[in-house]
Amino acid sequence: MLTEPRNKVVGELERFDERDNVQARNTLEPGSADYMEFYARHPEWEDRDAETRELSGRIAGHPLDVLFFRQLVGGVVQRGREDQVNGPVAPQKFELSPERASEKIKGFARLLGANLVRIGPLNPAFVYTHIGKTWHDPARRYGAPIMLTHQHAISIAVSINPELIKNGPVLSMASEVMRVNNKLAMISTTLAGYIRSLGYPARAHILSNYQVLCIPIAIEAGMGELGRHGNMLTKEFGSSLKLTTVTTDLPLAHDRPVDIGADEFCRDCKICAERCPSKAISFGEKKAVHGVEKWAISGSACFKVSNETGMDCGICIASCPWTKPRTAFHRMATALAARKKKAGWWMSRAEKLIYGNFTPQPGPTCFEKPEPIWKKYRPFRNEH
Ligand code: SF4
Ligand code: SF4
(Lines give C-alpha, C1' and ligand atoms only; values in the text may rest on other atoms or scores of the structure.)
(Ligands and ions follow the chains in the order given, each with its own letter.)
Protein backbone atom coordinates (compact mmCIF):
# COMPACT_ATOMS: atom_id res chain seq x y z
CA MET A 1 0.00 0.00 0.00
CA LEU A 2 1.39 3.40 -0.97
CA THR A 3 0.82 6.65 0.86
CA GLU A 4 1.76 8.90 -2.08
CA PRO A 5 -0.28 9.27 -5.28
CA ARG A 6 0.82 6.80 -7.99
CA ASN A 7 0.61 9.60 -10.62
CA LYS A 8 4.26 10.66 -10.32
CA VAL A 9 4.40 14.46 -10.48
CA VAL A 10 7.62 15.66 -12.14
CA GLY A 11 6.82 19.30 -12.82
CA GLU A 12 4.08 21.82 -12.49
CA LEU A 13 0.74 20.13 -13.05
CA GLU A 14 -1.06 21.70 -15.99
CA ARG A 15 -4.79 21.38 -16.43
CA PHE A 16 -5.90 19.84 -19.73
CA ASP A 17 -8.13 21.80 -22.11
CA GLU A 18 -10.87 19.55 -23.53
CA ARG A 19 -10.70 21.57 -26.78
CA ASP A 20 -7.25 19.96 -27.33
CA ASN A 21 -8.81 16.48 -27.30
CA VAL A 22 -8.53 14.92 -30.72
CA GLN A 23 -12.26 14.12 -30.91
CA ALA A 24 -13.13 17.73 -30.04
CA ARG A 25 -10.73 18.93 -32.75
CA ASN A 26 -12.39 16.62 -35.25
CA THR A 27 -15.78 18.34 -34.75
CA LEU A 28 -14.44 21.81 -35.64
CA GLU A 29 -16.02 23.18 -38.82
CA PRO A 30 -13.28 24.44 -41.21
CA GLY A 31 -13.61 28.22 -41.62
CA SER A 32 -15.77 28.71 -38.49
CA ALA A 33 -14.74 31.23 -35.80
CA ASP A 34 -13.96 28.38 -33.35
CA TYR A 35 -11.78 26.69 -36.00
CA MET A 36 -9.82 29.88 -36.73
CA GLU A 37 -9.32 30.64 -33.04
CA PHE A 38 -8.20 27.09 -32.23
CA TYR A 39 -5.63 26.64 -35.02
CA ALA A 40 -4.25 30.15 -34.47
CA ARG A 41 -3.22 28.75 -31.07
CA HIS A 42 -2.26 25.29 -32.41
CA PRO A 43 -0.93 25.59 -35.98
CA GLU A 44 1.13 22.41 -35.36
CA TRP A 45 -2.02 20.24 -35.45
CA GLU A 46 -3.87 21.78 -38.41
CA ASP A 47 -2.51 19.63 -41.29
CA ARG A 48 -2.75 16.33 -39.49
CA ASP A 49 -6.26 17.10 -38.21
CA ALA A 50 -7.35 18.02 -41.73
CA GLU A 51 -6.10 14.63 -42.94
CA THR A 52 -8.14 12.85 -40.26
CA ARG A 53 -11.23 15.00 -40.86
CA GLU A 54 -11.31 13.92 -44.51
CA LEU A 55 -11.75 10.26 -43.54
CA SER A 56 -15.28 8.95 -43.42
CA GLY A 57 -15.68 8.50 -39.65
CA ARG A 58 -18.87 6.55 -40.43
CA ILE A 59 -19.58 3.52 -38.25
CA ALA A 60 -18.57 0.45 -40.24
CA GLY A 61 -20.54 -2.79 -40.13
CA HIS A 62 -23.78 -4.44 -41.15
CA PRO A 63 -26.70 -1.94 -41.01
CA LEU A 64 -28.63 -4.26 -38.66
CA ASP A 65 -25.76 -4.15 -36.17
CA VAL A 66 -25.05 -0.44 -36.62
CA LEU A 67 -28.57 0.02 -35.26
CA PHE A 68 -27.66 -1.99 -32.10
CA PHE A 69 -24.78 0.40 -31.57
CA ARG A 70 -26.82 3.55 -32.27
CA GLN A 71 -29.42 2.58 -29.65
CA LEU A 72 -26.65 2.28 -27.08
CA VAL A 73 -25.02 5.60 -28.03
CA GLY A 74 -28.43 7.30 -27.79
CA GLY A 75 -28.77 6.12 -24.18
CA VAL A 76 -25.41 7.61 -23.20
CA VAL A 77 -26.12 10.94 -24.91
CA GLN A 78 -29.49 11.15 -23.17
CA ARG A 79 -27.93 10.52 -19.72
CA GLY A 80 -25.12 12.97 -20.45
CA ARG A 81 -27.33 16.04 -20.81
CA GLU A 82 -26.36 18.78 -18.39
CA ASP A 83 -29.69 18.53 -16.52
CA GLN A 84 -29.09 14.76 -16.05
CA VAL A 85 -25.53 14.87 -14.70
CA ASN A 86 -26.21 17.78 -12.36
CA GLY A 87 -29.20 19.30 -10.59
CA PRO A 88 -30.57 21.14 -7.59
CA VAL A 89 -29.34 20.23 -4.10
CA ALA A 90 -31.88 19.44 -1.34
CA PRO A 91 -32.03 22.32 1.18
CA GLN A 92 -31.79 20.01 4.23
CA LYS A 93 -28.36 18.44 4.92
CA PHE A 94 -28.00 14.94 6.42
CA GLU A 95 -25.00 14.77 8.79
CA LEU A 96 -22.86 11.62 8.37
CA SER A 97 -19.30 10.77 9.37
CA PRO A 98 -16.96 10.58 6.32
CA GLU A 99 -16.41 6.84 7.00
CA ARG A 100 -20.13 6.03 7.12
CA ALA A 101 -20.83 8.21 4.06
CA SER A 102 -18.11 6.36 2.08
CA GLU A 103 -19.50 3.01 3.16
CA LYS A 104 -22.99 3.98 2.00
CA ILE A 105 -21.76 5.43 -1.32
CA LYS A 106 -19.69 2.35 -2.15
CA GLY A 107 -22.50 0.01 -1.14
CA PHE A 108 -25.07 1.88 -3.24
CA ALA A 109 -22.75 1.99 -6.27
CA ARG A 110 -22.22 -1.80 -6.04
CA LEU A 111 -25.96 -2.32 -5.65
CA LEU A 112 -26.39 -0.40 -8.92
CA GLY A 113 -23.90 -2.70 -10.67
CA ALA A 114 -20.43 -1.19 -10.14
CA ASN A 115 -17.57 -3.72 -10.12
CA LEU A 116 -14.98 -1.43 -8.49
CA VAL A 117 -15.49 1.73 -6.40
CA ARG A 118 -12.74 3.89 -4.85
CA ILE A 119 -12.83 7.33 -3.29
CA GLY A 120 -10.10 9.96 -3.32
CA PRO A 121 -9.48 13.70 -3.42
CA LEU A 122 -10.42 15.70 -6.51
CA ASN A 123 -7.07 17.05 -7.61
CA PRO A 124 -7.90 20.37 -9.38
CA ALA A 125 -5.16 19.57 -11.95
CA PHE A 126 -7.42 16.79 -13.29
CA VAL A 127 -10.35 19.13 -14.03
CA TYR A 128 -10.57 20.31 -17.66
CA THR A 129 -10.10 24.05 -18.19
CA HIS A 130 -12.69 24.50 -20.99
CA ILE A 131 -15.52 22.59 -22.67
CA GLY A 132 -14.44 21.03 -25.98
CA LYS A 133 -17.15 18.43 -26.70
CA THR A 134 -20.76 19.61 -26.57
CA TRP A 135 -22.57 16.60 -28.11
CA HIS A 136 -25.15 19.10 -29.43
CA ASP A 137 -26.38 19.89 -25.90
CA PRO A 138 -27.37 23.61 -25.96
CA ALA A 139 -26.57 23.78 -22.21
CA ARG A 140 -22.87 23.28 -23.06
CA ARG A 141 -21.10 26.05 -24.96
CA TYR A 142 -17.86 25.20 -26.80
CA GLY A 143 -14.99 27.04 -25.11
CA ALA A 144 -16.85 27.86 -21.87
CA PRO A 145 -14.50 27.76 -18.84
CA ILE A 146 -15.10 24.89 -16.39
CA MET A 147 -15.50 25.91 -12.75
CA LEU A 148 -15.62 22.72 -10.70
CA THR A 149 -14.49 23.10 -7.11
CA HIS A 150 -15.68 19.84 -5.53
CA GLN A 151 -13.35 18.32 -2.92
CA HIS A 152 -13.93 14.60 -3.40
CA ALA A 153 -14.09 12.19 -6.34
CA ILE A 154 -15.80 8.79 -6.44
CA SER A 155 -14.32 6.54 -9.14
CA ILE A 156 -16.55 3.75 -10.43
CA ALA A 157 -15.60 0.97 -12.86
CA VAL A 158 -17.71 -1.57 -14.74
CA SER A 159 -15.88 -4.42 -16.44
CA ILE A 160 -16.04 -5.08 -20.18
CA ASN A 161 -16.54 -8.73 -21.11
CA PRO A 162 -12.97 -9.79 -22.07
CA GLU A 163 -14.34 -12.33 -24.58
CA LEU A 164 -16.00 -9.50 -26.54
CA ILE A 165 -12.95 -7.20 -26.35
CA LYS A 166 -11.12 -10.01 -28.14
CA ASN A 167 -13.49 -9.74 -31.13
CA GLY A 168 -11.23 -6.86 -32.24
CA PRO A 169 -12.43 -3.63 -33.87
CA VAL A 170 -15.93 -4.78 -34.85
CA LEU A 171 -19.46 -3.88 -33.78
CA SER A 172 -19.82 -6.67 -31.20
CA MET A 173 -16.84 -5.22 -29.30
CA ALA A 174 -17.94 -1.60 -29.75
CA SER A 175 -21.49 -2.44 -28.63
CA GLU A 176 -20.18 -4.15 -25.49
CA VAL A 177 -18.12 -1.03 -24.67
CA MET A 178 -21.16 1.18 -25.23
CA ARG A 179 -23.33 -1.15 -23.07
CA VAL A 180 -20.82 -0.64 -20.26
CA ASN A 181 -20.88 3.14 -20.81
CA ASN A 182 -24.68 3.05 -20.51
CA LYS A 183 -24.47 1.17 -17.25
CA LEU A 184 -21.87 3.61 -15.90
CA ALA A 185 -24.05 6.56 -16.92
CA MET A 186 -26.99 5.07 -15.02
CA ILE A 187 -24.87 4.35 -11.94
CA SER A 188 -23.17 7.75 -11.73
CA THR A 189 -26.22 9.90 -12.47
CA THR A 190 -28.24 7.93 -9.89
CA LEU A 191 -25.45 8.20 -7.32
CA ALA A 192 -25.00 11.94 -7.91
CA GLY A 193 -28.78 12.39 -7.56
CA TYR A 194 -28.71 10.48 -4.27
CA ILE A 195 -25.90 12.69 -2.89
CA ARG A 196 -27.76 15.86 -3.90
CA SER A 197 -30.83 14.52 -2.09
CA LEU A 198 -28.64 14.27 1.05
CA GLY A 199 -28.05 18.05 0.78
CA TYR A 200 -24.59 18.14 -0.90
CA PRO A 201 -23.56 19.16 -4.44
CA ALA A 202 -22.61 16.28 -6.75
CA ARG A 203 -22.02 15.91 -10.47
CA ALA A 204 -21.67 12.81 -12.63
CA HIS A 205 -18.98 12.70 -15.34
CA ILE A 206 -19.86 10.28 -18.13
CA LEU A 207 -18.75 9.50 -21.68
CA SER A 208 -20.77 12.26 -23.35
CA ASN A 209 -20.13 14.91 -20.67
CA TYR A 210 -16.86 14.86 -18.74
CA GLN A 211 -15.43 17.80 -16.81
CA VAL A 212 -12.64 15.69 -15.30
CA LEU A 213 -9.97 13.16 -16.34
CA CYS A 214 -11.30 9.91 -14.90
CA ILE A 215 -8.08 7.84 -15.21
CA PRO A 216 -5.63 9.87 -13.05
CA ILE A 217 -8.42 10.44 -10.51
CA ALA A 218 -9.07 6.68 -10.23
CA ILE A 219 -5.33 6.04 -9.89
CA GLU A 220 -5.06 8.55 -7.03
CA ALA A 221 -7.99 6.80 -5.39
CA GLY A 222 -6.17 3.46 -5.54
CA MET A 223 -8.09 1.61 -8.23
CA GLY A 224 -5.00 0.70 -10.27
CA GLU A 225 -1.95 2.02 -12.10
CA LEU A 226 -1.35 3.60 -15.47
CA GLY A 227 -0.28 1.19 -18.22
CA ARG A 228 1.98 1.83 -21.19
CA HIS A 229 -1.14 1.96 -23.42
CA GLY A 230 -2.48 4.99 -21.53
CA ASN A 231 -5.31 3.09 -19.83
CA MET A 232 -5.50 2.11 -16.19
CA LEU A 233 -4.45 -1.44 -15.25
CA THR A 234 -6.29 -3.07 -12.37
CA LYS A 235 -5.55 -6.31 -10.57
CA GLU A 236 -9.16 -7.42 -10.98
CA PHE A 237 -9.90 -6.75 -14.69
CA GLY A 238 -6.68 -5.50 -16.31
CA SER A 239 -7.78 -2.64 -18.55
CA SER A 240 -10.96 -4.38 -19.62
CA LEU A 241 -13.18 -1.81 -17.92
CA LYS A 242 -14.64 1.65 -18.32
CA LEU A 243 -14.74 4.44 -15.79
CA THR A 244 -17.05 7.15 -14.56
CA THR A 245 -16.49 9.72 -11.81
CA VAL A 246 -18.87 11.47 -9.42
CA THR A 247 -17.43 14.64 -7.87
CA THR A 248 -18.95 16.04 -4.71
CA ASP A 249 -18.57 18.08 -1.52
CA LEU A 250 -20.12 15.35 0.64
CA PRO A 251 -17.36 14.68 3.23
CA LEU A 252 -15.93 11.22 2.42
CA ALA A 253 -13.11 9.00 3.73
CA HIS A 254 -10.43 8.42 1.08
CA ASP A 255 -8.76 5.24 -0.18
CA ARG A 256 -5.00 5.08 -0.76
CA PRO A 257 -3.06 4.65 -4.04
CA VAL A 258 -1.83 1.11 -4.77
CA ASP A 259 1.23 -0.57 -6.25
CA ILE A 260 0.10 -3.65 -8.20
CA GLY A 261 3.41 -4.04 -10.03
CA ALA A 262 2.08 -2.67 -13.33
CA ASP A 263 4.76 0.00 -13.65
CA GLU A 264 7.57 -2.56 -13.62
CA PHE A 265 5.55 -4.99 -15.75
CA CYS A 266 4.93 -2.43 -18.53
CA ARG A 267 8.57 -1.40 -18.65
CA ASP A 268 9.51 -4.89 -20.00
CA CYS A 269 6.33 -6.11 -21.67
CA LYS A 270 5.58 -3.66 -24.59
CA ILE A 271 3.05 -6.09 -26.17
CA CYS A 272 0.52 -3.27 -26.69
CA ALA A 273 3.14 -1.11 -28.44
CA GLU A 274 4.09 -4.00 -30.73
CA ARG A 275 0.48 -4.78 -31.68
CA CYS A 276 -0.90 -1.22 -31.98
CA PRO A 277 -1.77 -0.77 -35.69
CA SER A 278 -1.20 3.01 -35.55
CA LYS A 279 2.09 3.00 -33.60
CA ALA A 280 0.39 5.34 -31.13
CA ILE A 281 2.01 3.65 -28.11
CA SER A 282 5.57 4.45 -27.14
CA PHE A 283 8.32 1.79 -26.88
CA GLY A 284 10.47 4.27 -24.95
CA GLU A 285 10.70 5.55 -21.42
CA LYS A 286 8.11 7.63 -19.59
CA LYS A 287 8.17 11.41 -20.02
CA ALA A 288 6.51 14.40 -18.41
CA VAL A 289 3.05 15.01 -19.86
CA HIS A 290 1.20 17.97 -18.32
CA GLY A 291 3.47 17.60 -15.27
CA VAL A 292 2.85 13.85 -14.70
CA GLU A 293 5.38 11.16 -15.67
CA LYS A 294 3.80 8.70 -18.09
CA TRP A 295 4.23 6.82 -21.35
CA ALA A 296 3.22 9.24 -24.08
CA ILE A 297 0.35 8.17 -26.36
CA SER A 298 -0.38 9.77 -29.72
CA GLY A 299 -4.10 10.51 -29.45
CA SER A 300 -4.27 11.64 -33.07
CA ALA A 301 -2.71 8.40 -34.37
CA CYS A 302 -5.11 6.30 -32.29
CA PHE A 303 -8.13 8.38 -33.34
CA LYS A 304 -7.16 8.09 -37.03
CA VAL A 305 -7.72 4.33 -36.74
CA SER A 306 -11.36 4.84 -35.73
CA ASN A 307 -11.93 7.48 -38.38
CA GLU A 308 -10.35 5.42 -41.13
CA THR A 309 -11.88 2.06 -40.28
CA GLY A 310 -15.17 3.34 -38.84
CA MET A 311 -14.60 1.46 -35.59
CA ASP A 312 -12.82 1.92 -32.25
CA CYS A 313 -9.79 -0.35 -32.10
CA GLY A 314 -9.09 -1.65 -28.56
CA ILE A 315 -6.32 -4.03 -29.70
CA CYS A 316 -4.00 -2.72 -26.95
CA ILE A 317 -6.53 -3.74 -24.29
CA ALA A 318 -7.37 -7.04 -25.97
CA SER A 319 -3.73 -8.09 -26.23
CA CYS A 320 -2.61 -6.96 -22.76
CA PRO A 321 -1.63 -9.93 -20.54
CA TRP A 322 -3.69 -8.38 -17.71
CA THR A 323 -6.91 -8.56 -19.77
CA LYS A 324 -8.12 -12.04 -18.95
CA PRO A 325 -11.33 -13.64 -17.65
CA ARG A 326 -11.37 -13.66 -13.83
CA THR A 327 -10.29 -17.27 -13.46
CA ALA A 328 -8.47 -18.54 -10.36
CA PHE A 329 -5.30 -18.89 -12.49
CA HIS A 330 -5.41 -15.28 -13.70
CA ARG A 331 -6.11 -14.00 -10.18
CA MET A 332 -3.07 -15.92 -8.94
CA ALA A 333 -0.86 -14.66 -11.81
CA THR A 334 -1.71 -10.98 -11.24
CA ALA A 335 -1.31 -11.33 -7.46
CA LEU A 336 2.12 -12.87 -8.05
CA ALA A 337 3.12 -10.15 -10.55
CA ALA A 338 2.14 -7.54 -7.96
CA ARG A 339 4.38 -9.09 -5.31
CA LYS A 340 7.29 -10.50 -7.31
CA LYS A 341 8.33 -8.27 -10.18
CA LYS A 342 10.09 -11.13 -12.05
CA ALA A 343 6.77 -13.00 -12.25
CA GLY A 344 5.53 -10.13 -14.46
CA TRP A 345 8.37 -10.75 -16.90
CA TRP A 346 7.32 -14.42 -17.20
CA MET A 347 3.66 -13.49 -17.56
CA SER A 348 4.37 -11.27 -20.59
CA ARG A 349 6.67 -13.92 -22.20
CA ALA A 350 3.97 -16.57 -21.72
CA GLU A 351 1.38 -14.26 -23.34
CA LYS A 352 3.57 -13.78 -26.43
CA LEU A 353 4.33 -17.50 -26.67
CA ILE A 354 0.76 -18.72 -26.23
CA TYR A 355 -1.20 -16.05 -28.10
CA GLY A 356 1.38 -14.75 -30.65
CA ASN A 357 0.02 -11.90 -32.76
CA PHE A 358 -3.43 -10.56 -32.06
CA THR A 359 -6.11 -12.68 -33.81
CA PRO A 360 -9.71 -11.47 -33.51
CA GLN A 361 -12.07 -14.05 -31.99
CA PRO A 362 -15.58 -14.62 -33.43
CA GLY A 363 -18.35 -12.56 -31.80
CA PRO A 364 -21.85 -13.61 -30.67
CA THR A 365 -24.08 -15.05 -33.39
CA CYS A 366 -26.67 -12.26 -33.08
CA PHE A 367 -24.12 -10.10 -34.96
CA GLU A 368 -23.59 -10.50 -38.71
CA LYS A 369 -20.16 -11.82 -39.75
CA PRO A 370 -17.93 -8.69 -39.85
CA GLU A 371 -15.42 -7.63 -42.50
CA PRO A 372 -11.81 -7.41 -41.22
CA ILE A 373 -11.98 -3.62 -41.66
CA TRP A 374 -9.07 -2.73 -39.42
CA LYS A 375 -6.58 -4.39 -41.77
CA LYS A 376 -7.03 -1.52 -44.24
CA TYR A 377 -5.56 0.94 -41.73
CA ARG A 378 -2.44 2.89 -42.78
CA PRO A 379 -0.53 4.69 -39.98
CA PHE A 380 0.60 8.30 -40.17
CA ARG A 381 4.13 8.57 -41.51
CA ASN A 382 6.87 9.09 -38.90
CA GLU A 383 4.77 8.10 -35.87
CA HIS A 384 7.25 7.68 -32.98
S1 SF4 B 1 -6.85 1.59 -29.43
FE2 SF4 B 1 -5.70 0.62 -31.12
S3 SF4 B 1 -4.80 2.33 -32.23
FE4 SF4 B 1 -5.41 3.12 -30.23
S5 SF4 B 1 -3.60 2.89 -28.94
FE6 SF4 B 1 -4.82 1.02 -28.65
S7 SF4 B 1 -4.00 -0.42 -30.15
FE8 SF4 B 1 -3.29 1.60 -30.74
S1 SF4 C 1 0.35 -4.90 -22.93
FE2 SF4 C 1 2.09 -5.00 -21.55
S3 SF4 C 1 3.06 -2.98 -21.73
FE4 SF4 C 1 1.03 -2.78 -22.56
S5 SF4 C 1 -0.25 -2.08 -20.86
FE6 SF4 C 1 -0.41 -4.31 -20.91
S7 SF4 C 1 1.18 -4.99 -19.48
FE8 SF4 C 1 1.65 -2.85 -20.00
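Every number for a ligand or one of its atoms is a count from 1 in the order of the listing. FYI, the numbering just counts along the sequence from 1.
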Report, in ascending order of atom number, the atoms of ligand 2 lying under 4.0 Å from any heavy atom of Cys269.
1 (S), 2 (Fe), 3 (S), 7 (S)
Show the atoms of ligand 2 that are less than 4.0 angstrom away from any heavy atom in Phe265.
7 (S)
Evaluate the salt bridge (charged side-chain N to carboxylate O under 4.0 Å, His left out) criterion for residues Glu103 and Arg100: first the C-alpha distance (whole Å), next the side-chain angles of each, then the deciding distance (0.1 Å), finally the verdict.
CA-CA 5 Å; Glu103 194 180 356; Arg100 182 62 182 146; 3.2 Å; yes
Assess whether side-chain contact (heavy atoms from CB on, under 4.5 Å) is satisfied between Glu368 and Leu171, documenting all intermediate values.
CA-CA 9 Å; Glu368 309 302 317; Leu171 275 169; over 6 Å; no
For Trp322, the atoms of ligand 2 under 4.0 Å from one of its heavy atoms are 7 (S)
Can Asp34 and Arg19 be said to form a salt bridge (charged side-chain N to carboxylate O under 4.0 Å, His left out), step by step?
CA-CA 10 Å; Asp34 289 337; Arg19 291 175 295 181; over 6 Å; no
Taking the basic N atoms (NZ, or NE/NH1/NH2) and the acidic carboxylate oxygens, is any pair closer than 4.0 Å for Arg118 and Asp255?
no
Apart from Tyr35 itself, its cluster of hydrophobic side chains linked below 4.5 Å comprises Leu28, Met36, Phe38, Tyr39, Trp45, Tyr142
Could you check atom 1 (S) of ligand 1 against the protein and tell me its nearest heavy-atom contact, residue, atom and distance included?
Gly314 N, 3.4 Å
Could you check whether Asn209 and Arg203, counting side-chain N and O atoms only, form a donor-acceptor pair closer than 3.5 Å?
yes
Any N/O/S atom, backbone or side chain, of Cys320 lying under 2.8 Å from atom 6 (Fe) of ligand 2?
yes
Report, in ascending order of atom number, the atoms of ligand 2 lying under 4.0 Å from any heavy atom of Arg228.
3 (S), 5 (S)
Quick one: does any side-chain atom of Glu225 pair with a main-chain N or O of Gly261 as donor and acceptor, under 3.5 Å?
yes
With atoms numbered from 1 as shown, which atoms in ligand 2 lie under 4.0 angstrom from a non-hydrogen atom of Cys266?
3 (S), 5 (S), 7 (S), 8 (Fe)
Note: Glu51-Arg48 ion pair, threshold 4.0 Å (strictly below):
no
Within less than 2.8 Å of atom 8 (Fe) of ligand 1, the count of protein N, O or S atoms comes to 1
Should we say atom CD of Glu44 is surrounded by more than 12 heavy atoms from elsewhere, each under 6.0 Å from it?
yes
